[in-house]
Each structure stands twice: as structure tokens, then as C-alpha cells.
Number of protein chains: 2
Amino acid sequence: MATPTTSASEPQERGASLSHRIYDQIREGIIRGHYPQGSRLAEQRLAQELDVSRVPLREAVPLLAVDGFVRTLPRRGAVVTTWTIDMAHELFDLRLCMEVGAARFAARQVGLGTSVAPLRVILDRSRDGVSTGDAYRIATDSTEFHEAVVALTGNSLMRSAMRSVTGRMMWLFYLTSDLNADDALDGHAELLRAIESGNERVAESVAYAHIERDRDESMRVLAAGPGLSLPHPAPPTIT
Amino acid sequence: MATPTTSASEPQERGASLSHRIYDQIREGIIRGHYPQGSRLAEQRLAQELDVSRVPLREAVPLLAVDGFVRTLPRRGAVVTTWTIDMAHELFDLRLCMEVGAARFAARQVGLGTSVAPLRVILDRSRDGVSTGDAYRIATDSTEFHEAVVALTGNSLMRSAMRSVTGRMMWLFYLTSDLNADDALDGHAELLRAIESGNERVAESVAYAHIERDRDESMRVLAAGPGLSLPHPAPPTIT
DNA sequence: AAACAGCAGGTTGTATACCGTTTGCGGCGT
DNA sequence: ACGCCGCAAACGGTATACAACCTGCTGTTT
């Protein structure tokens, strides 16, 4: 976004319309596992927990639904999405469509004179982030790198379309950040070089390989232990 | 009022949460040009025009913003998006990424036994629609065909991601429906055959060519007369 | 004892009211 | 005559209140 100064833990608390702020807040809560998968998000409880009225929530929750973080049932409200192996596969297939194309367009832009400096900046920041060991920070940085690749294409529509994807990506990154932190860093560096070369076919291929490698690692984690992100000792899991 | 069963203008689909209904209603109004490009959507006026309170609008408008139909300015409310040549190009570039990939996955599914019957159904309906000459109907059918291709992949995430794209596609189809109605029909038939063959490379290539042909036609129309969809005599175009 | 019905609690969906900010216009001063 | 200042109206942002619905429990009846 236009606010690259966001720190990982505290998102922009500026004038960005309360609805957007609590959107970010809830999203972070979901990703961090504070709102466990499958749990219900009761509006009143959320409202007094975040100290806002219910109306801003009414704007934020549908957006969370669009981005796949919750599912709204007719009269039951919103429940946090539960990850499945199939969902993860679908995500990687979609990434295959979008990011491979984005890498190609990005390489083309580089060939036309666009600088890859933004990628370097984020990659450097990612290195710092990995050393901190903060999973949320790592997931944020990793996601931002991919967003930066898309941004490099100069296609603002593609950027906004990616937003529906990057949210889920970040969530999955967080869930699997234990393993692929360093690998992802190398992969990003490799992708950066490929895009920098300006060779569309190379960028395309590297992006493809990178995503498939991601898929393999994520699948290994997901298949191993689906007991993910449950900091609370698994409250009764209200159906 | 608690019983909006009157619904005088449209026998809309029931049960779908007032917010969604007015989302569709406003979207159709924008596409049909009833709310001209660049015009402001004042909440109070909309509310009494659609005979709903402002709160459902507060849920619908952000979704329209996500889908690119309006732009919400900080304190100025929502204005209907104004099409530019660049935006159209960005849309086609994004379609290139997503639909080409979708065609590939769809062909793969066909190779695994999935039937292309849904495509045939919609294609047949499209033929009827073209004969009616109703631009909105034509745009709807054409969009639905592309959605059906994505649905054929079995990837529900890809379908929901396409939703951000199909809305804009439909709008642009409507604006340019005069020219490419029959061409689009032929193109869809060709794409259907390609997917039916189960050959991923063929499907991919046909999809690519189809989109680029679409781009050419749309660009011709957009470049010729940007005075699009202005049933009202172009109010002062408030900035 | 089991099953159905009625009641109570809670939650979402919808509507209305209030407040801060912005903006456009008009008057006044230079 | 031009520009600046101030006021008023409108718009969006937020909060509160009401109504309908679903759910779970309990009590009674068969």
C-alpha cells in the first residue's frame, strides 16, 4: 500500500477510517490465532472488546468475508474460516495464475526501465524480520514482497485483485512460518534477480517454481499437524 | 420498514439479505448508466431512492468500492468510477493472468472427467440473449460464460477472486456490447471446444487469443467515443 | 422415560438520532 | 474589484435503540 511504514505489530492507527482500522485489527487477531479457526465472532462481544460500536463492524465484517477470513451464515453471524488442505491447494493454484503473470509483467516493466529497488528494500527488511523470529512480522514481510512484485507491474487493478489473495497468503505464511522462513528469503532473492533480468520467461518460470516450492512446504506442515493456531486451549468450539 | 416484501420495481431474489439486494441494484444502475460515471452517490438520496435506511448502504457501498464500481473519498462519499483507457488495459492484463490460467485448469479438469455441459447451457442462453438485443442481458450472459469457465476448474477461491474482475468485465461488456456481441459468441464457442478437448496448451492459447481480441474491440470503442453511458445530459461532473 | 411444546436468552438485521467536519457562499475589508 | 474571513447547510461518520429470528433449556404430558 501507500503506507510502507507500517510496523508489524501496530498497523496504521492514523485517520484511516475506523472501519479499516478494526478490519486490520480483527484480521491480525485471526491470523495470530487470537480468534481461533471455527470460532464465532459475536458482534456485541467484538464491539466492546475493540471499544467501538457495532456499525463499523458491519462494514468490516463483510470485507473480511470477501477476503476469506470469515464466513457469514444467514442468521448465525460470522465464524472464522477453518483451513483445509483443499483450500490451501486452491490458494496455490490461484497464486500460480496471478503471480506468474505478475512476474512476467514485472519483468517487462523492468525491461522498460522500472527499477526493482522496492523489492530490494522489502527483501532487506525481511532479513531483519527473520532474525527477530516474530512469526507475524515474517509473514507480513513475506507477503509484502509478493505485493511489491505485483506493484512493480504498475497495474493497480492487479494490485487490488491480489489483496484478496495476499490476506490468505499471509495467514498461511503465519501458520507455516516455522519452516520456510529462510527458504522463502532465498526464493525471494532468486525471484528478484529473475525479474531484474528483464527476461519475462525466466521471471515466469522462477515464480512458478517458487510457488510450487511454497506449496510443498505448506502442505507438509498442514498435513502433519492440523491443530493450528490455538493459543487458547481450544474453547468448546461452538458450532 | 420491517417488511420490505413490496419490492415494487423488481421481483428480486428473495432471502438474500437486503444489503446484497441493494448491492445488485446499485451495480445494475451503474452499469446501465443510470448513475453516470463520475457522479456522486449521496447516501441519503440513495437511501430514499431505494427506500432503505442508510445502514444497509453502509454495507453495500464498500463492497462496490472493492469491486471497482465506485471510489470512496475520505469525506466526500462515493463517486462512480470513470473508465479510462488505462483502466481497461489493466483489466485485460489481469484477465490475461487469471482466465488463461483458469482455461488451463478447466481443460485439465475436463481431461479428468468433468463435463463441459455448464458451458453449453450458458452458451445456448447467450445465443437467445443476443437475438433480444438487450445490452444488459448480453453483458450478463457473456460474463456468466467466463464465470462458468472458472467454475469448471472446481476452484472456489478462484471463482470468488474472479468476482472482482467479472463485475468490471460486465460493465465494460455493456459499454461495448454494440460491436462484439456476435464475435464474442463465436469466441466463446471456440473456447468451449478448446476446453472440451482437454488439451491444456490449446485451451490456454485460445483463451489468450480470445482476450486479446476482446481488448482490441473494446479499445476501438473506448478510443472512438468516451462519451459513454450518459443517459442524463452529463451533469456538471462534480469533482 | 421420552418427546414435544413453550419460554427465555442471545444474536443479527434494520432504523433513527446525534456530532464533527467540510464546503460553498456571502459579506466585509483593503 | 479582488481577496479574505466567517457562517450556514449538507454530508459522512459514529452511536444508540428497536424488532425479528434462532437456539437452547426446561417443564409437562403421554
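Bear in mind that the values here come from a model prediction, so they are computed numbers and not experimental data. Per chain, numbering begins at 1; letters A, B, ... match sequence-line order.
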* Evaluation steps, side chain to side chain contact (heavy atoms under 4.5 Å, CB included), between T81(A) and M87(A) -> CA-CA 10 Å; T81(A) 304; M87(A) 277 179 53; 3.7 Å; yes
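For the pair L18(A) CG and dG13(D) P, the computed distance is 11 Å after rounding to whole Å. One atom, CD of Q48(A), and another, C1' of dT16(D), lie 15 Å apart when rounded to the nearest Å. Distance R45(A) CZ to dT11(C) P: 9 Å, rounded to the nearest Å. Taking atom CG of residue L73(B) and atom C1' of nucleotide dT23(C), one finds them 14 Å apart after rounding to whole Å. Between the CZ atom of R40(A) and the P atom of dC22(D) there is a distance of 13 Å, given to the nearest Å. In this structure, E43(A) atom CD and dT12(C) atom C1' are separated by 6 Å, rounded to whole Å. Spacing between atom CG of D51(A) and atom P of dT14(D) amounts to 13 Å, rounded to whole angstrom units.
Looking at every heavy atom in both residues, L50(B) comes nearest to I22(B) through CD1-CB, 4.3 Å.
Nucleic acid contact class of L41(A) (heavy atoms, under 4.0 Å, all strands): sugar-phosphate only.
Between F145(A) and H188(A), the two ring planes are parallel [angle under 30°; tilted spans 30° to 60°].
Annotation: R159(B), atom CZ; neighbour count of heavy atoms from other residues, nucleotides and ligands within 6.0 Å does not exceed 12. For R71(B), the CZ atom counts as loosely surrounded, since its 6.0 Å shell holds 12 or fewer non-hydrogen atoms of other residues, nucleotides or ligands. Taking a 6.0 Å sphere around CG of D128(A), one finds it holds more than 12 heavy atoms contributed by other residues, nucleotides or ligands.
Nearest-nucleotide assignment on DNA chain D puts the 5′-proximal partner with G77(B), out of S53(A) and G77(B).
For residues 54-63 of chain B, proximity to DNA chain D is found at R54(B), R58(B), defined as any non-hydrogen atom under 4.0 angstrom from a strand atom.
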